2 protein chains.
Amino acid sequence: MNLREDVAPAAERDLDEAARHASARSARAGALTEDYVEIIADLLESDGEARPTDIARRLGVAHTTAIKTIARLKRDGLAHAKPYRGVFLTEAGQAMARRVRARHQTVVAFLRTIGVRPEVAEIDAEGIEHYVSEETLSAFERFIASAPRDSD
Amino acid sequence: MNLREDVAPAAERDLDEAARHASARSARAGALTEDYVEIIADLLESDGEARPTDIARRLGVAHTTAIKTIARLKRDGLAHAKPYRGVFLTEAGQAMARRVRARHQTVVAFLRTIGVRPEVAEIDAEGIEHYVSEETLSAFERFIASAPRDSD
DNA sequence: CCCAACATGTAGCTAATGCTACATTTTGGC
DNA sequence: GCCAAAATGTAGCATTAGCTACATGTTGGG
Ligand SMILES: [Mn+2]
Ligand SMILES: [Mn+2]
Ligand SMILES: [Mn+2]
Ligand SMILES: [Mn+2]
């Protein structure tokens with residue numbers, strides 16, 4: 001019988017952990033894109049247009065930073081824009097926006113449900129949202145549905 | 001009376017949202033540092049040493065990437081190392097490791113408590129952990145404590 | 001209708017985080 | 001004790017994401 005108490009051999013454990021970190025790296029890379037798409041959708045809905053300056057102000061970055069990122073969104077088929085004309089979302093961009101906005105709402109609602117104050121829930125959700133899998137999101141939704149409502 | 005239904009003026013809402021995104025950006029910048037420190041602490045505990053190659057394998061990156069990041073940890077007073085001798089944590093590094101490891105455990109335990117499968121909980125926690133405020137972490141701990149235990 | 005304010009865009013810098021290619025150092029098996 | 005494999009390190013490249021400085025385009029108030 002084996003003297004070592006390991007359930008999985010060390011090499012396999014390393015591979016698993018590497019895969020987890022790779023997954024987190026990938027999510028981190030997509031986080032900014034998701035925030036831009038979400039903000040553009042919000043602006044288009046509330047103002048009818050999404051100007052680079054407004055996007056930059058919402059994010060708290062210089063307008064040049066926003067312009068450069070918007071160029072990447074265009075390159076990746078998520079947005080389009082004519083010079084001096086504001087930014088619009090492609091079909092793919094709109095699909096991402098719907099998904100990202102719903103997830104954002106769910107994460108905020110969930111944090112509030114477990115007793116986090118609204119302002120703090122908004123802050124934490126802005127980061128957490130990008131790392132929540134479908135399975136975890138479902139667990140959040142299940143929990144919200146089963147919890148007693150505030151309004152009662 | 002005001003025809004507009006806004007509770008907060010638009011400018012103020014923009015400032016709030018910008019602050020939330022700034023907070024998330026700041027957390028994102030620290031995430032990699034936290035993972036390195038956590039992994040180094042794990043290796044020191046299990047193997048008695050933390051070699052750059054082992055750190056790189058755990059993260060799933062090239063060893064040169066790890067070496068460059070370790071240089072940053074040293075620059076920032078979190079680690080020290082002699083050439084060809086492996087990496088060690090300073091007092092500050094050890095303090096960060098304790099905090100980060102405890103938080104990681106809490107996030108995983110919390111996700112499992114709400115019904116996320118263990119493997120998925122580990123994956124999601126690897127990202128989520130870096131964006132959880134003290135207040136949210138407390139809410140997680142409260143919930144874990146109040147939930148029925150598996151082992152019963 | 002013009003011009004000043006504002007929005008937009010370009011150029012170029014820095015830092016972080018990844019990579020590959022290559023060089024050097026250490027170390028363990030024979 | 002040698003030497004080949006493994007570990008470590010250096011150099012240099014790319015991309016992302018931030019910045020400032022400056023240039024150009026648009027537009028509305030007087
Ligand atoms: Mn976000
Ligand atoms: Mn969001
Ligand atoms: Mn992590
Ligand atoms: Mn972790």
Side-chain angles (χ1 to χ4, degrees), chain A residues 10-11 14 18-37 39-40 43 47-76 78-88 126-127 130, chain B residues 10-11 14 18-37 39-40 43 47-76 78-88 126-127 130:
Chain A
D14 278 0
R20 286 196 294 273
H21 282 289
S23 170
R25 269 199 306 282
S26 162
R28 199 178 58 208
L32 196 68
T33 298
E34 293 184 340
D35 282 336
Y36 268 81
V37 166
I39 287 174
I40 291 168
L43 287 170
D47 301 4
E49 61 176 357
R51 296 145 81 220
T53 302
D54 294 331
I55 297 167
R57 185 175 38 239
R58 287 259 181 129
L59 276 165
V61 299
H63 80 278
T64 45
T65 300
I67 284 173
K68 209 180 292 188
T69 306
I70 290 163
R72 221 172 319 137
L73 297 184
K74 291 196 270 187
R75 184 198 63 187
D76 296 344
L78 294 167
H80 54 91
K82 303 255 189 296
Y84 292 92
R85 220 43 24 158
V87 184
F88 298 91
E126 203 54 77
H130 309 286
Chain B
D14 278 0
R20 286 196 293 273
H21 282 287
S23 170
R25 269 199 305 281
S26 162
R28 200 178 56 208
L32 195 67
T33 297
E34 294 184 340
D35 282 335
Y36 268 81
V37 166
I39 287 174
I40 291 168
L43 287 170
D47 300 5
E49 60 176 359
R51 297 145 81 222
T53 301
D54 294 331
I55 298 167
R57 186 176 36 242
R58 286 258 180 130
L59 276 164
V61 299
H63 79 279
T64 45
T65 300
I67 285 174
K68 209 179 292 188
T69 306
I70 291 163
R72 231 171 6 231
L73 296 184
K74 291 196 269 187
R75 184 199 63 189
D76 296 344
L78 293 167
H80 54 91
K82 303 253 190 298
Y84 291 92
R85 217 59 358 173
V87 184
F88 299 90
E126 204 54 77
H130 309 287

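Not measured: the values here are computed from a predicted model. First the proteins, then the strands, lettered A, B, ... as listed; each starts at 1.
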Would you say a side-chain N or O of [X] is under 4.0 Å from OP1 or OP2 of [N]?
X: B:R85; N: D:dG9; value: no
X: B:R25; N: D:dG18; value: yes
X: A:R51; N: D:dT27; value: no
X: B:T65; N: C:dC19; value: yes

Margin query: Side chain of A:T64, heavy atoms from C-beta onward: which of D:dA21, D:dG9, D:dC13 has the nearest atom to it?
Written below: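 For the A:T64 side chain, the nearest candidate turns out to be D:dA21.
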
Check: If you check every side-chain atom of B:L32, which of C:dT8, D:dT8, C:dT17 has the closest atom?
Finding: C:dT17

Atom pair distance, as rounded to whole Å: [atom1] in [X] and [atom2] in [N]:
X: B:Y84; N: C:dT25; atom1: OH; atom2: C1'; answer: 4 Å
X: B:K68; N: D:dT8; atom1: NZ; atom2: P; answer: 17 Å
X: B:R72; N: D:dG9; atom1: CZ; atom2: P; answer: 16 Å
X: B:R75; N: C:dT17; atom1: CZ; atom2: C1'; answer: 13 Å
X: B:K82; N: C:dT26; atom1: NZ; atom2: P; answer: 14 Å
X: B:D76; N: C:dT17; atom1: CG; atom2: P; answer: 10 Å
X: B:D54; N: D:dA7; atom1: CG; atom2: C1'; answer: 10 Å
X: B:I67; N: C:dG18; atom1: CD1; atom2: P; answer: 14 Å

Next item on the list: For A:A50 and for B:H63, locate the closest nucleotide of DNA chain C by heavy-atom distance; then report the residue assigned to the nucleotide nearer the 5' terminus.
Entry: A:A50

Checklist line | Closest-nucleotide ordering on DNA chain C, the 5'-leading residue of A:R28 and A:R57 | finding: A:R57

Note to self: Within the 4.5 Å heavy-atom criterion, are A:V61 and B:H21 side-chain neighbours or not?
What the structure shows: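 No; the side chains remain at least 4.5 Å from each other.
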
Check: Quick one: does A:T33's side chain get under 4.5 Å of A:L78's, heavy atoms only?
Finding: yes

Checklist line | Heavy-atom donor-acceptor pair, B:R28 side chain to A:A31 backbone, under 3.5 Å | finding: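 Not a single qualifying donor-acceptor pair exists.
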
Margin query: Taking any heavy-atom pair under 4.0 Å as a contact, classify A:T69: base, sugar-phosphate, or nothing.
Written below: nothing

Notebook entry, point to check: How far does CG of B:D35 sit from CD of B:E126, to the nearest 0.5 angstrom?
Noted result: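 Those atoms lie 5.0 Å apart.
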
Note to self: Measuring from atom CZ of B:R85 to atom NE2 of B:H80, what distance do you get when rounded to the nearest 0.5 angstrom?
What the structure shows: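 Output value for this atom pair is 14.5 Å.
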
